[in-house]
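Comments concern the structure below.
In listed order, ligands and their atoms are each counted from 1.
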Amino acid sequence: MAESGGLPRIVIVGAGFAGFNAARELSGLVAGAAEIVVINSTDYLLYLPLMPQVAGGLLEPRHICVSLPSRLRGVRFVLGTVQHVDARDRQIVRWDSPEGGSGECHYDRLILTVGSVNKLLPIPGLAEYAHGFRSIAEAAYLRDHIIRQLELAQIAADPAEREARCTFLVVGAGYTGTEVAAQGQLLSTRLVRRMPRLRNQKIRWMLIDTAPRVLPDLDPRLSKTAHRVLRRRGVEIRTGQSVTEVMSGEVHMSTGEKVATRSLIWCVGVRADPLVDGIDLETTKGRLVVDEFMAVPSAADIYACGDCAAVPDVTRPGQICGMTAQHAVRQGKQVARNVAASLGFGKPERYEHRDLGFLVDLGRAAAAINPLNIPLSGPPAAAITRGYHIWSMAGNRGRVLADWTLNGLTPPEVTSLDVISGKSVPLDVDHPRS
Ligand SMILES: Cc1cc2nc3c(=O)[nH]c(=O)nc-3n(C[C@H](O)[C@H](O)[C@H](O)COP(=O)(O)OP(=O)(O)OC[C@H]3O[C@@H](n4cnc5c(N)ncnc54)[C@H](O)[C@@H]3O)c2cc1C
């Protein structure tokens, strides 16, 4: 990469919620006084909270992907995947380009915001047969997969095959799994209406978790609402259970039950991006150790935040911040101010944010939310949830609103594009970069 013209160079690796907001904030704070370089594996910022609606056929995948080059003004954008960070001697970041090339650059300040990936468990067959839910490709794949299973089920001569194709297992009843089960079930209900041969076929959706309730990490009042809504729609909620083995066409449960299915959706949580494992910096619970200013204690010029960093939660002494967009956005803005301060612009401040509550969209006019700790459900909660998402998106608001409006006027068009194969969205991305 060409030199920065004598200006200090701030390199941000990863432009998700944290990195994008860091870059935007920094471009205002150090305009003309430092060069800002953003390196990201994709050319878009993915609005993950609306991914279940993509899987449910309600939103076009592209509409929740916000263009980085057009939204990041005053920033040098590099499309590439960082493979190596020399955090000690040379202060160098090296990346691979999508078409096989590579590049490297020197940094004066480095902000690591590479986010997280699907978390695997050592369950035989899991990596081969299950699919995760962390990327736009996985969301689009799941939508196409559900459509394909039902289309194949209606022409299957063997009742056992038909039953397996009409059975969908979602493992992990956190907010991701709960929303995926809710939207998936609604999609399959809409599809079956236009498939007369499946009219008497049971379409089975199962939501499985080892915890005693759905949404185990959230307010129990939200769990109650989600449980009630999903049960009413016929979703089988299996708490206190897990999957012990996965085979082609069959899943073994901890209860000894064997479930014939072609669909196992793995939503048990996330862990820091594997890049973190390859950097010579301390980690805790797989996330980079940082102080309350989001600075890495052993490397004065490196900062980290978002899902990949263990940012101390000063509102809950001894604990670290959860992996949520709510934290990542605010941490991104604060880390920008602290990095600017390290270059002489302003004063550093520790990160402090008290949880504002959570929104769980259950599809149609149902949601379970607790903004400012006030529990709400039903249409008002669904309206607040949608309003919040529109407000927090960094772009494409009009497109998402248009999708929702059209869905209200005509039934959503659900066709399987079939351009994403199961092999191209592997669950296992455990390849630490060095
Ligand atoms: C389905 C789903 C729904 C969710 N809903 C909510 C919600 O409603 N509310 C909420 O608060 N949180 C929600 N979350 C969690 C939230 O999305 C994450 O906590 C948030 O995305 C973390 O932000 P981040 O910037 O750390 O990481 P990300 O947003 O994941 O961004 C990381 C970026 O780094 C890039 N990257 C990764 N590795 C490299 C590399 N080596 N080189 C270059 N670039 C790299 C990625 O391409 C990505 O752009 C949800 C998560 C999921 C999966």
Mark up the atoms of ligand 1 that fall under 4.0 Å of a heavy atom belonging to Asp273, in ascending order. 37 (C), 38 (N)
Could you tell me whether Asn40 and ligand 1 have an N or O pair separated by under 3.5 Å? yes
Is there a heavy atom of Gly80 sitting under 4.0 angstrom from any atom of ligand 1? yes
Examine Thr324 against ligand 1 and note whether any of their N/O atoms are separated by less than 3.5 Å. yes
Out of Pro274, Gly19, Ser41, indicate the one that has the non-hydrogen atom closest to atom 45 (C) of ligand 1. Ser41
With a 6.0 Å cut-off (strictly less than), is the heavy-atom count around CZ of Arg148, excluding the residue itself, greater than 12? yes
If you count every heavy atom of other residues, nucleotides or ligands that lies below 6.0 Å from Arg221 atom CZ, does the total exceed 12? yes
Can you tell which part of Thr81 has a heavy atom less than 4.0 Å from ligand 1: side chain, backbone, both or neither? both
Would the number of heavy atoms belonging to other residues, nucleotides or ligands and lying under 6.0 Å from CZ of Arg73 be above 12? no
Testing Arg204, Arg233, Arg190 for side-chain contact (heavy atoms from CB on, under 4.5 Å) with Gln185, which one passes? Arg233
Is there a donor-acceptor pair closer than 3.5 Å between any side-chain N or O of Thr113 and the backbone N or O of Val13? yes
What are the atoms of ligand 1, with element, lying closer than 4.0 Å to any heavy atom of Phe133? 1 (C), 53 (C)
First locate atom OG1 of Thr210, then atom CZ of Arg238, and finally report the distance between them rounded to the nearest 0.5 Å. 14.5 Å
Would you say ligand 1 has an N or O under 3.5 Å from any N or O of Ser116? no
I want to know if ligand 1 touches Ala325 in the polar sense, i.e. an N/O pair below 3.5 angstrom. yes
To the closest 0.5 Å, what do you measure between CD (Gln91) and CD1 (Ile302)? 7.5 Å
Short list, please: which atoms of ligand 1 are under 4.0 Å from a heavy atom of Gln326? 11 (O)
Please check if any side-chain donor atom of Ser416 sits under 3.5 Å from a side-chain acceptor atom of Arg143, or the reverse. no
Below 3.5 angstrom, do we get any N/O pair linking Met51 and ligand 1? no
Contact (N/O only, under 3.5 Å) between Phe358 and ligand 1: no
Does any N/O atom on Ala18 come nearer than 3.5 Å to any N/O atom on ligand 1? yes
Atoms of ligand 1 under 4.0 Å from any heavy atom of Thr113, numbered from 1 in the order shown, are 32 (C), 33 (C), 34 (O)
Please say whether Thr42 places an N or O atom under 3.5 Å from an N or O atom belonging to ligand 1. no
Tyr141-Ser424 side chain donor-acceptor pair, cut-off 3.5 Å: no
For ligand 1, the portion of Ala328 having any non-hydrogen atom under 4.0 Å away: side chain
Any idea which part of Phe20 is under 4.0 Å from ligand 1, heavy-atom wise: side chain, backbone, both or neither? neither
Side-chain H-bond candidate by donor/acceptor type, Gln326 with His353, under 3.5 Å: yes
Measure Leu45 to ligand 1 on non-hydrogen atoms and call it side chain, backbone, both or neither using the 4.0 Å cut-off. neither
